[in-house]
Amino acid sequence: MACSVDSTLDICQAEQDSECSMEDENDTSSCMDNDFETVEMDFVGHLIKHNWVDEPAEKITLTRKRWSAATQRVLSSMPSRSVEWTGVAAHSSPRVQSQASSNRDIDKDRVPQRKHLLATLQARSVAECARMLRSLPLSLKKKREVRAQFSCERGRQETSTKDSTRSHFPSWLGKRLSGAQQGVQSLLNSVQLWHEALKQVSGRFGTGVLSYFLFLRTLLLYNFILSMITIPFLVLPQVTRPSHGSSNKISFTGLEILTGTGVLTNSLMFYGYYNYTDGWRPGKTEAYIKGTYNIRLAYILTIGIGLFVTCIMLIYSVFKTLGTSSPMSVSHGNLALKVFSSWDFKISKKVYVQQLSENICTHLKVMLCELHSGIPKRRLMTRLIWLVLHCTAWAICLTCIFCCVLGIYRFSHDRKQFSMNLISEGDTHWLILPLLVCGVNHLIPCVFNMLAWMESYDSFNLRIYIAIIRNLFLKVSMLGVLCYHWLDSIAAGKYGTNNECWETFVGQELYRFLLMDFLFSVLDTIFGNFLWSVFTRKILRRKRKPVFDIALNVLELIYGQTLAWLGILFSPLLPTLQIVKLFLLFYLKRASLMMNYQGPLKPWRATQMTTIFISILCFPSFLGATACITYTMWRLKPSATCGPFRTLSSMFLAGKEWRKSLEISNPGLAWVSWIYMLLGNHIFLFIVAGIFLLVIYIHIQVGDGQRRVTTLLQKQIENEVEDKKFLISKLQTLHEQHE
Amino acid sequence: MGNKQTIFTDEQLDAYQDCTFFTRKEILRLHGRFHELAPHLVPMDYTDDPDVKIPLALIVNMPELKENPFRNRIVESFSEDGLGNLSFNDFVDMFSVLSEMAPRELKAIYAFKIYDFNVDNYLCKEDLEKTLNKLTKEELTPEEVNLVCEKAIEEADLDGDSKLSFADFENMISRAPDFLSTFHIRI
């Protein structure tokens with residue numbers, strides 16, 4: 001490309017010389033003494049295509065200094081030049097600040113006339129008006145004037161209608177609703193948690209690192225809503241009617257907080273505490289006494305509704321992020337984009353501004369080099385070596401993961417045989433499994449990092465994706481084997497585990513895992529990161545601090561959240577614990593960030609990454625947790641000695657018996673039982689799932705089609721541009737021939 | 001609705017809420033920030049819409065703008081006289097467009113204005129050179145700057161006049177996935 005630039009300059013020079021001589025000869029050519037318009041002509045495409053010229057593939061450009069009068073007339077009457085929205089006509093001189101017109105007036109060409117605007121506004125509802133008004137590129141003063149005028153007109157219109165009473169109500173309702181909506185919006189905005197802290201982080205580290213903290217805040221919101229649903233309906237009723245628990249007094253040692261055993265076993269924390277004996281009338285017609293709290297139903301419904309609400313919120317976030325991220329792949333136009341969209345306006349600290357400038361400078365230089373020399377085509381030998389290297393790395397990764405999974409599986413089984421002998425030795429041995437799993441989760445990613453460093457990827461984005469895939473695979477396999485162990489072995493009482501209350505046990509396990517994960521994060525942040533930064537600075541003598549690994553940290557958050565969602569059935573207070581954990585993690589990570597790290601060196605595609613992370617949160621994480629919970633409620637037999645579902649063979653049956661009792665007591669509410677029956681029907685669920693999948697498929701296809709249409713239209717724009725250039729030059733040559 | 005404030009009337013706050021992407025609370029906070037830039041100039045009572053403008057030099061000292069290489073252009077683009085003197089309306093408008101709720105089209109319009117240094121409604125080569133120098137703090141050599149500008153114009157220019165009109169700019173920026181998140185200032 002560089003050589004064509006040089007030839008452009010040479011040819012331009014030659015053309016200018018020839019033009020000058022031509023101009024001297026043809027005095028009659030009345031060139032308008034207006035602005036010079038330089039147009040780059042690209043003949044190659046059209047001419048070669050139509051076999052008119054056998055030109056070499058080199059790009060030839062011409063610049064013309066003056067157009068003839070006829071050409072100028074044609075140019076000025078082109079629709080794109082004469083209509084309002086381009087702002088400045090082709091002929092006029094560069095804009096000078098006139099005293100009368102304001103700087104903001106340039107926008108008026110992009111905005112329709114005032115009357116037209118008012119008419120459009122009046123045709124819409126109040127909320128739409130506000131939205132439209134906000135997106136107009138007018139100055140705020142003018143917008144306020146328009147708004148004042150518009151509400152005046154609207155008020156006048158309303159009073160002048162004949163049947164004013166009937167037309168008042170919808171508009172009054174509309175106003176009240178929009179007011180309420182704004183109230184809710186302002187309430188949500190006022191609970192701007194950590195606004196200043198986030199501003200500080202984004203000021204120093206940029207958008208990429210900010211996305212991690214925003215993700216943390218989103219998870220906090222989900223857990224908060226889940227807690228708000230479970231606590232009032234599940235925990236509080238149980239608090240008011242304490243269960244007749246074990247009478248032996250267990251002493252409280254500090255270790256219980258870590259292991260979740262001892263005093264905590266029969267507490268609100270876990271499933272076993274919740275009972276149903278109050279108000280329960282055993283006998284032939286087992287039913288609840290009217291007026292008492294049906295804890296079984298409450299248990300199922302709160303968890304079901306909580307998970308459903310979380311599902312809706314997740315899907316909404318996924319679609320929202322999908323909407324904002326542009327689907328167009330940046331195939332060309334990299335340099336222009338780099339110039340115009342790489343500066344992060346949020347950064348406000350001088351040192352980091354300096355760093356960003358240096359980064360952009362380096363990138364531009366690299367891009368220029370690539371333009372000059374092109375991306376070197378690899379020889380076959382290097383490609384083979386590269387392939388072998390990658391395969392080896394992947395083989396090592398998969399072997400690692402497999403070994404860890406196998407190890408955990410064997411240990412969890414051995415532990416059961418172990419624990420039967422050691423049960424008198426206290427409860428600390430329960431902590432070994434969580435310790436092992438957390439250790440694996442934190443150390444194996446370091447191995448992956450080393451492998452990636454060895455592989456030395458070309459593209460930064462590819463490296464991030466591969467790291468995400470490997471870590472995701474590791475965590476999914478870990479969770480998979482653990483879930484299998486809990487739901488299959490423990491619940492079914494295999495391998496000689498005769499837990500009295502397996503749900504409480506699983507709840508305790510999850511509690512321990514969550515706590516251990518938090519402790520490991522704390523230790524890793526305090527010691528690991530600090531030591532690593534000291535190591536890189538003192539021993540490796542690197543000038544810069546280490547880079548904050550956003551992907552890894554987000555995956556750890558997702559892992560923790562999956563544990564919380566898995567545990568909600570067995571330990572209703574787990575989301576609350578997760579809230580506390582996220583809160584503390586925020587401050588810890590922020591402090592560690594400020595002390596030890598710098599922002600990502602390469603541009604972090606925040607929007608795309610956020611979409612990926614939310615999708616990972618939705619798809620393997622949430623769906624997996626829901627699937628496990630559904631399996632537990634449907635297939636597994638609740639333990640016979642504890643919990644609200646004692647006498648049933650499956651938790652879902654509680655719903656059935658409630659339906660039966662409802663039919664007896666309240667025949668008027670038969671439609672509720674009919675709905676419940678419908679929900680339990682397998683065929684109905686299949687149909688609903690089928691419809692859901694169909695809707696998703698249609699949306700995906702529509703999105704895909706729209707993207708294709710956009711690409712085709714882009715190509716069409718480029719072709720039209722070529723046509724226009726061709727026609728203009730043809731017109732000019734024709735005119736010159738005639739003269 | 002909470003404590004009575006006497007800075008704005010309720011109607012004014014409603015108008016601000018309808019015309020910008022800010023809530024009432026944020027507008028009041030913005031007024032606080034505007035006031036602390038020039039306490040002797042800015043009155044606390046805005047109920048009669050006083051016509052007070054703060055000069056450019058004071059506004060670019062805000063911590064959010066101080067280190068931004070385009071701070072002068074940003075403030076100039078939102079001022080009515082084109083010289084950077086902002087009234088409160090312009091101030092709010094500026095941060096409203098730069099907030100995260102502003103749509104892409106609106107941001108593209110103002111981004112174009114900011115990068116248009118000679119205010120001729122086109123991004124010509126000189127505009128690009130100035131942008132580049134501000135971005136890289138003049139670390140690139142003049143030849144490199146020239147090459148980058150030419151290549152950038154070549155990539156983005158659609159109508160063949162070797163400068164970028166707004167249509168070219170918008171077409172190009174629509175392909176930038178991160179434009180919305182980078183063209184954003186938190187206040």
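Since we're looking at a predicted model, the values are computed, not measured. FYI, side chains are in, hydrogens and waters are out, and symmetry mates aren't considered; it's all heavy atoms of this structure. Naming convention: chains lettered A, B, ... in sequence-line order (proteins, then strands); numbering from 1 in each chain.
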Using atom types as modelled, flag every donor-acceptor pair under 3.5 Å from a side chain in residues 34-46 of chain B to any protein atom, sequence neighbours excluded.
{"unit_1": "B/His35", "atom_1": "ND1", "unit_2": "B/Val42", "atom_2": "O", "d": "3.0"}
{"unit_1": "B/Asp45", "atom_1": "OD1", "unit_2": "B/Thr47", "atom_2": "N", "d": "3.1"}
{"unit_1": "B/Asp45", "atom_1": "OD1", "unit_2": "B/Thr47", "atom_2": "OG1", "d": "2.7"}

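With a 4.5 angstrom heavy-atom cutoff, B/Asp157 does not touch chain A via any of its atoms. In this structure, the portion of B/Ile74 lying under 4.5 Å from any heavy atom of chain A is its side chain and not its backbone. Looking at B/Arg29, only its side chain comes within 4.5 Å of chain A, counting heavy atoms on both sides. Contact annotation for B/Tyr115: only side-chain heavy atoms (C-beta onward) come within less than 4.5 Å of a heavy atom of chain A. The contact between A/Arg144 and chain B is made by backbone and side chain atoms together, counting heavy-atom distances below 4.5 Å. Contacts of B/Ala102 with chain A are absent, with no heavy-atom separation under 4.5 Å from either backbone or side chain.
Between chain A and the residues B/Val97, B/Leu98, B/Leu106, the most heavy-atom pairs under 4.5 angstrom are made by B/Leu106. With chain A as partner, the option from B/Phe70, B/Phe169, B/Tyr16 having the largest number of non-hydrogen pairs under 4.5 angstrom is B/Tyr16. With respect to chain A, the highest number of heavy-atom pairs below 4.5 Å among B/Val92, B/Leu164, B/Ile153, B/Asn171 belongs to B/Asn171. With chain A as the partner, the residue from B/Glu105, B/His184, B/Lys137 showing the most heavy-atom pairs under 4.5 Å is B/His184. Between chain B and the residues A/Ile360, A/Leu356, A/Val339, the largest count of heavy-atom pairs under 4.5 Å involves A/Val339.
Between B/Arg24 and B/Asp10, at least one side-chain N (NZ, or NE/NH1/NH2) sits under 4.0 Å from a carboxylate O, which counts as a salt bridge. A salt bridge links B/Arg73 to B/Glu76: one of the charged nitrogens lies within less than 4.0 Å of a carboxylate oxygen.
The number of heavy atoms from other shown groups lying within 6.0 Å of CD (B/Glu11) does not exceed 12. Sparse packing is recorded around NZ of A/Lys141, with 12 or fewer heavy atoms of other residues, nucleotides or ligands lying under 6.0 Å away.
No side-chain donor from either of B/Glu139 and B/Thr136 sits under 3.5 Å from a side-chain acceptor of the other. Side chains of B/Asn89 and B/Glu80: a donor-acceptor N/O pair is absent below 3.5 angstrom, by distance only. A side-chain N or O of B/Ser87 and one of B/Asp90 form a donor-acceptor pair less than 3.5 Å apart.
Along residues 53-65 of chain B, the residues that come nearer than 4.5 angstrom to chain A, judged on non-hydrogen atoms, are B/Pro63, B/Glu64 in order of number. Residues of residues 125-132 of chain B placed with any heavy atom under 4.5 Å of a heavy atom in chain A are listed by number as B/Leu128, B/Thr131, B/Leu132.
Proximity of the aromatic rings of B/Phe22 and B/Phe95 is defined here by a centroid distance below 6.0 angstrom, and this criterion is not met.
A cation-pi geometry, defined here as NZ or CZ lying under 6.0 Å from the six-membered ring centre and within 45° of its normal, holds between B/Lys163 and B/Tyr122.
At distances below 3.5 Å, at least one donor-acceptor pair connects side-chain atoms of B/Asp116 with backbone N or O atoms of B/Asp120. Judged by distance alone, the side chain of A/Arg134 and the main-chain N or O of B/Thr20 form a donor-acceptor pair under 3.5 Å.
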**Request:** In sequence, state the C-alpha distance, the side-chain angles, and the governing distance for A/Ser211 and A/Met609, and then conclude on side chain to side chain contact (heavy atoms under 4.5 Å, CB included).
**Result:** CA-CA 9 Å; A/Ser211 65; A/Met609 286 294 155; 5.9 Å; no

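Residues satisfying the side chain to side chain donor-acceptor pair (under 3.5 Å) criterion with A/Trp194, sequence neighbours excluded, are A/Tyr587.
The CG atom of B/Asn68 lies 10.0 Å from the CD1 atom of A/Ile347; values are rounded to the nearest 0.5 Å.
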